[in-house]
Amino acid sequence: MRQKGLSAWLKLVSIPIFLGIICLVTGMMGKSEVAPDGTLIEPLFFLIPLSYLLFLSGIIILLLMAVISMIKKINIIYRKIK
């Protein structure tokens, strides 16, 4: 049963990170152009900050998972001592 719960957590962590990688790669594949007046035109620029947000959310979920796991482990050890 514990393995099933761990698998769900890993999926929850990996989905935003993989989506961030996809957004970053797709954003890099977009064709950038320089307009005659010298401004840079990037049609897929919005994907770059979106990828950073997805990476950040995956890392935050991973850290929360680690903290919750440590708290549960400490509680189990504390109950055995009592």
Side-chain angles (χ1 to χ4, degrees):
M1 176 130 172
R2 179 155 171 81
Q3 187 69 15
K4 191 174 186 181
L6 183 62
S7 175
W9 273 105
L10 289 176
K11 287 179 186 176
L12 187 65
V13 170
S14 64
I15 288 173
I17 292 175
F18 286 136
L19 286 175
I21 291 170
I22 291 170
C23 286
L24 193 62
V25 169
T26 306
M28 297 290 183
M29 290 176 137
K31 189 174 181 183
S32 300
E33 299 175 2
V34 179
D37 62 348
T39 58
L40 183 63
I41 299 171
E42 288 194 48
L44 299 176
F45 177 76
F46 68 93
L47 291 175
I48 297 170
L50 182 62
S51 68
Y52 292 150
L53 287 174
L54 289 168
F55 280 135
L56 183 65
S57 66
I59 291 170
I60 288 172
I61 292 171
L62 180 67
L63 290 175
L64 285 174
M65 184 178 80
V67 168
I68 290 170
S69 174
M70 287 174 50
I71 290 172
K72 285 182 180 179
K73 195 176 286 188
I74 289 171
N75 284 340
I76 289 171
I77 292 171
Y78 182 70
R79 287 181 191 162
K80 286 183 180 179
I81 293 173
K82 275 185 154 181

CG-CE distance between L63 and M65, expressed to the nearest 0.5 angstrom: 9.5 Å

Rounded to the nearest 0.5 Å, how far does CD1 of I60 lie from CG of L53? 9.5 Å

Hphob cluster co-occupancy, I61 + L64, side-chain heavy atoms under 4.5 angstrom: no

Quick one: closest heavy-atom pair of I17 and F55, and the distance? O-CE2, 3.6 Å

Would you give the length of the straight line joining atom OG1 of T26 to atom CG of L19, rounded to the nearest 0.5 angstrom? 10.0 Å

Summary of side-chain hydrogen bond (donor to acceptor under 3.5 Å, both in side chains) pairs that have at least one residue in residues 46-59, sequence neighbours excluded: none

With a 3.5 Å cut-off and sequence neighbours excluded, list the donor-acceptor pairs that the side chains of residues 31-44 form with protein atoms.
{"residue": "D37", "atom": "OD1", "partner": "T39", "partner atom": "N", "Å": "3.4"}
{"residue": "D37", "atom": "OD1", "partner": "T39", "partner atom": "OG1", "Å": "3.0"}

Find out if a path of hydrophobic residues (ILVMFWY) with successive side-chain heavy-atom gaps under 4.5 Å connects L56 to L47. no

Are I76 and I71 linked, directly or through other ILVMFWY residues, by side chains that come within less than 4.5 angstrom of each other? no

Would I59 and L12 show up in the same hydrophobic cluster when neighbours are defined by side-chain heavy atoms closer than 4.5 Å? no

For the residue pair C23 and L54, what are the closest heavy atoms and their distance? SG-CD1, 4.0 Å

